[in-house]
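Written below as structure tokens is the structure these notes are about.
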Amino acid sequence: MKTIIEPFRIKSVEPLTRTTPSEREELLKRAGYNLFELRASDILLDLLTDSGTSAMSTAQWAAIMRGDESYAGSESFYRLQRTVQELTGFRHVIPTHQGRAAERILFSVLCKPGHTVPNNTHFDTTRANIEFTGARAVDLPLAAAADTQARLPFKGDMDVEALEALIEATGADRIPLIMVTVTNNSGGGQPVSMGNLRAVRRVASRHGIPFYLDACRFAENSWFIREREPGYAGASPRDIAREMFSLADGCTFSAKKDAFANIGGLLCTNDTRLAEQEKNLLILTEGFPTYGGLAGRDLEAIAVGLEEVLQPDYLEYRIASTAYLGRHIADHGVPIVEPPGGHAIYIDAGRMLPRIPRRQFPGQALAVELYRHAGVRSVEIGSLMFGEAARHELLRLAIPRRVYTQSHIDYLVEAILEVHERREGIRGLEIVSEPPFLRHFSARLRPVAE
Ligand code: F0G
């Protein structure tokens, strides 16, 4: 059979609330046309993020009941440690309350002013945590990935020549680590090939620089390698993931993505001295190393999630349902970042709404219109979020894991196509007030006058 189905059935449901277009118009006004300011109960389909929004399985809920809440030496920690060590091979496993806490600790220990950290593309918290130490964060995506329409199988790869040039220009002693983000979230949720990871590993070894993965979506990346990279067609996602981790010296991880957990993160390393320093910082702000800012039950949910996420049936469905959304809107003329990524579809709003200039935020205008029309929440990744530094004006539709069904996705396709149909009437926005940094979270906007 060709039909790919959701490989689960539903045991517990959460009702959705419907609002009318006129109610949504009022809610938008009150929220200052900023979708972060909406109440979740006023949203029909929430595609703001795939982070912390997964549906947990019966096995995860059952594991939660056996959470060992001991302050030190919790059994739940040892279960998680065993799972992570078997999967990644990393010697030291440090739990944190979410991904950015792992980033903060890692960079606080490794980075200082004058340092540079390269990445295929830094996620915004990664960049912010590096810059907070006084170091510089440099993105080295493939030059060809700048074209949203280019259909490359591994569009998330790092530009290895640019990496060599950066090391040459900066000096290896001023590069405390090299990072690669799998999948490349800010670059459109695009995968990184094993070949690219191997090439980065070789460069890192040659210069004696540690190599870390930002492994938030490691399982989705493994599936793309199996589907697209010669030599991996029959391999299990677990074996592919193991090979990816074996190339690195450590990783940061947000369990809110590919571990189906609602909270949690990990910092892993093979370096024993570094792990000691990291644990000292952990105790200062996160907690004792056998819980790291989490409850014992959270550690259990992560351990079970890390096993479930590598099931081939799940990954096949996951990647196919994201691609289904992407293809159905792109084949009807909606410009998306091609090819569809793993956890999200990115609409190229700059291309879809060429009449709206960057300073009137085409991505945000589209996000507002999609909510107004259909009650769908998405997120702008463009000039509102990044200001002058924005490379594209995108709208991200992130798909929570195991949460929405095929008919929800069909509703979404219909909504996007209807908005696309009447795109000429969409108005740009202007800022009324904004905070000094990370303005997209709380800026207030209004439609520009006709
Ligand atoms: N790295 C990547 C690639 C991410 O996508 C995220 C979070 C983090 C690190 C930080 O992890 O949220 O647990 O502290 N991404 C979410 C998103 C927020 O919507 O893309 P965290």
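Whatever order the structure lists ligands and atoms in, that order sets their numbers, starting from 1.
- Residue Glu338 is tested with Arg327, Arg351, Lys155 for a salt bridge (charged side-chain N to carboxylate O under 4.0 Å, His left out); the sole match is Arg327.
- Inter-residue side-chain proximity for Cys111 and Val117 is flagged as met; some heavy-atom pair is nearer than 4.5 Å.
- No hydrogens or angles considered: nothing links the side chains of Asp68 and Tyr291 as a donor-acceptor pair under 3.5 Å.
- Taking the ring axis of Phe260 as reference, the NZ or CZ atom of Arg402 stays within 45° of it and closer than 6.0 Å to the ring centre.
- Each of Leu213, Val192, Asn184, Val180 was scored for a side-chain contact (heavy atoms from CB on, under 4.5 Å) with Asn221, with one residue passing: Val192.
- Contact residues of ligand 1 (protein heavy atom closer than 4.0 angstrom to a ligand atom; sorted by chain and number): Thr49, Ser51, Gln98, Gly99, Arg100, Glu103, Phe123, Thr125, Thr181, Asn185, Asp214, Cys216, Arg217, Ser254, Lys256, Lys257, Arg396.
- Here the shortest heavy-atom pairing between Met158 and Asn119 reads CE-C, 3.2 Å.
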